[in-house]
Each structure stands twice: as structure tokens, then as C-alpha cells.
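Throughout, residue positions are numbered sequentially from 1 according to the sequence presented.
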Amino acid sequence: VRARHLAEASPGPDEDIALSLEAATREARGRGAMAEALDLAELAVRRSPPHSARHHARRLVYADLLFQAGDPVSSARILDEARAAASTDSERLSALLRLARQEIETQPTSRVIDLCTEAIRLAGSDTTAAAEAHLIWPGKGLDHVRTALRLMGPDAPRRLRVKAMIIREISNSLLCRTVHLGPIDVAVALEDGNPPERVADRAQFTRAWLLLMADELDRAREDLTALR
């Protein structure tokens, strides 16, 4: 509330106010007040000085919240603005990856492939970012998953390893190949305490789906019940 009042009283960009709004956005998001978090994130972008080191990150948070609120068009617009205003390849890459991840659900395959291709080019020696682009690639396929796993170093984010495990086993299932639940069990353990916000993106949901496909209904029910 205090951060909002300060922002409303401020006539223009102010880094201290933008920082307060960022913190308030995180707090609202943490307690599940997504509409409030969205409003605060928008204010944080508006009150952020154009040359602030945090301006790009604030745009990304705002875009994420717009997408989660069911407004992919506005989210894509903010990401395109962030991409155009980026001062480094690293900033441009972060916007590209988000845009590709979101537009795989809303745009033609060719558009997303173009975004992933550009992201891989920009990634250069950043093998983690290149791996993420391969995991976003439409249709994925085991070749892209294998490439992503090969690119991941020991310091690759846990969420990326989990995603690769999930996609690999889903691909095996769709191709009528042997599915190994062991990697998915590991993925569930890795996500423990910090799962993705969307239930459908969680390793436990994937395990439930794979169990359903294998007619192991009781085990699938246990996972689905735990996710409720």
C-alpha cells in the first residue's frame, strides 16, 4: 500500500519508488494476489528510470504476470518492447526466450522457430540459454532434447534439467517407446518445495499423465490428488 501511494504521489520516474514497487510486487505474488501484483508490476515499469539497471527485469516480470492473467497479446507487446530496448545480448536473449515460450501456445510454428533460432544464435557460449531454446523448439523431438541435455553443464538450473527429463519421457510415450519413470521421479524430487506455478508444468502432473497412459490408475490418482 505504501509503495502504491508513493508511486501515485510521484510525478515521474524514480528508482527508489520503482524498487519499492518491485518488492511489493514480489510480496503480492508470493501470497497469490495476482491482480494486485500485476498492477504493482505495471507501476514499477512506469516509475522505472529508462536507464535503470533494473528496467529490463521489471518489464520481464510485468510481461510474465500479463501472460499468467490471460493477456498474451499485451505480454508479447511488452516483451517486444524489452527486446527492442535491450542494451546487451543477454537482455535481448532473456526477452526472446520468454517470447518463444509464450508464443508456442499462441503463434504459428514458423514464428516460434524463428525466435528459437535467433535465441540460439545470440546465446553464443551461453550453453544454458541455448539448451533452453532447444527445449522450447516447437515439436521438440528427441534430437532437440538430446542437444539440450548435452549443452547443459553441471551448473545448469534445476528447472531446466527437470524440463528436459519431462520432455524426453513424454516424447518416448508419444513415440510408443519405453517410458522410464525413474527420471520423472527424480524430476519430482528436484521440484520439491519450488514447483512451477502452473500445475500442468509440474513433473508430478507429467508422472500422473504417464501413469494414466500405462493404465496405472491408482498411482495416477495419488499424484492428481496431491496436486489439487
Side-chain angles (χ1 to χ4, degrees), residues 25-27 29-32 34 37 57 60-61 63-65 67-68 90 93-105 112 116 119-120 123 125-228:
T25 300
R26 286 193 297 272
E27 190 273 334
R29 198 174 185 178
R31 55 185 167 83
M34 302 308 285
L60 297 187
V61 169
D64 285 349
L65 288 167
F67 189 77
Q68 290 168 20
S90 177
L93 181 58
S94 62
L96 266 172
L97 288 171
R98 271 179 166 77
L99 199 55
R101 195 181 307 119
Q102 292 183 6
E103 292 195 348
I104 198 168
E105 300 181 18
V112 183
C116 289
I120 291 167
S125 61
D126 185 347
T127 54
T128 296
E132 185 157 8
H134 279 285
L135 291 176
I136 296 169
W137 198 283
K140 285 134 186 122
L142 287 173
D143 286 344
H144 283 287
V145 177
R146 290 191 193 102
T147 299
L149 287 166
R150 189 175 68 249
L151 286 168
M152 284 183 215
D155 298 325
R158 181 180 296 182
R159 63 171 180 79
L160 213 55
R161 292 191 179 281
V162 168
K163 186 174 182 180
M165 293 175 186
I166 289 172
I167 294 171
R168 182 176 61 191
E169 297 312 321
I170 287 177
S171 297
N172 281 331
S173 176
L174 294 174
L175 292 169
C176 298
R177 296 180 178 177
T178 302
V179 173
H180 302 284
L181 284 178
I184 300 297
D185 293 338
V186 172
V188 171
L190 287 172
E191 278 186 355
D192 187 39
N194 188 31
E197 288 183 271
R198 291 201 325 171
V199 170
D201 292 335
R202 299 179 188 177
Q204 192 170 15
F205 183 86
T206 299
R207 185 169 66 187
W209 182 82
L210 291 171
L211 287 166
L212 280 171
M213 295 301 100
D215 286 336
E216 295 196 40
L217 304 185
D218 289 339
R219 291 180 63 193
R221 187 182 297 112
E222 289 177 11
D223 275 334
L224 292 172
T225 300
L227 288 165
R228 288 177 62 185

Smallest separation among heavy atoms of [X] and [Y], with atom names:
X      : Y      : result
Ile136 : Cys116 : CG2-SG, 3.9 Å
Met152 : Ala131 : CG-CB, 4.0 Å
Gly193 : Pro195 : C-CD, 3.6 Å
Leu60  : Ser94  : CD1-OG, 3.6 Å
Ala129 : Ala123 : CB-CB, 4.1 Å
Leu93  : Ala119 : CD1-O, 3.3 Å

Is [Y] close to [X] at the side-chain level, that is, under 4.5 Å between some pair of heavy atoms?
X      : Y      : result
His134 : Ile120 : yes
Thr25  : Leu65  : yes
Arg168 : Leu149 : yes
Leu190 : Met165 : yes
Leu227 : Phe205 : yes
Leu97  : Arg101 : yes
Thr178 : Asn172 : no
Leu224 : Arg221 : no

What residues form a salt bridge (charged side-chain N to carboxylate O under 4.0 Å, His left out) with Asp215, not counting sequence neighbours?
none

Could you list the residues that satisfy salt bridge (charged side-chain N to carboxylate O under 4.0 Å, His left out) with Glu169, not counting sequence neighbours?
none

Could you point out which residue of Leu210, Val145, Thr206 forms a side-chain contact (heavy atoms from CB on, under 4.5 Å) with Ile166?
Thr206

Counting only N and O atoms by type, is there a donor-acceptor contact under 3.5 Å from the side chain of Arg29 to the main-chain atoms of Ala37?
no

Main chain of Leu151, side chain of Thr127: is a donor-acceptor contact present, judged purely on distance under 3.5 Å?
yes

Do Arg198 and Glu105 meet the salt-bridge criterion of a basic N to acidic O distance under 4.0 Å?
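A salt bridge links Glu105 with Arg198.
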
Is it true that Arg219 and Glu216 make a salt bridge, defined as a side-chain N closer than 4.0 Å to a carboxylate O?
yes

Calculate, to the nearest 0.5 Å, the distance between atoms CG and OG1 belonging to Asp155 and Thr128 respectively.
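Asp155 atom CG to Thr128 atom OG1 measures 8.0 Å (nearest 0.5 Å).
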
Straight-line distance of Gln102 CD to Phe67 CZ, nearest 0.5 Å:
5.0 Å

Run the side chain to side chain contact (heavy atoms under 4.5 Å, CB included) check on Met213 and Val179 step by step: do they pass?
CA-CA 10 Å; Met213 295 301 100; Val179 173; over 6 Å; no

Qualifying side chain to side chain donor-acceptor pair (under 3.5 Å) pairs, either residue in residues 185-194, two or more places apart
Asp185-Arg207

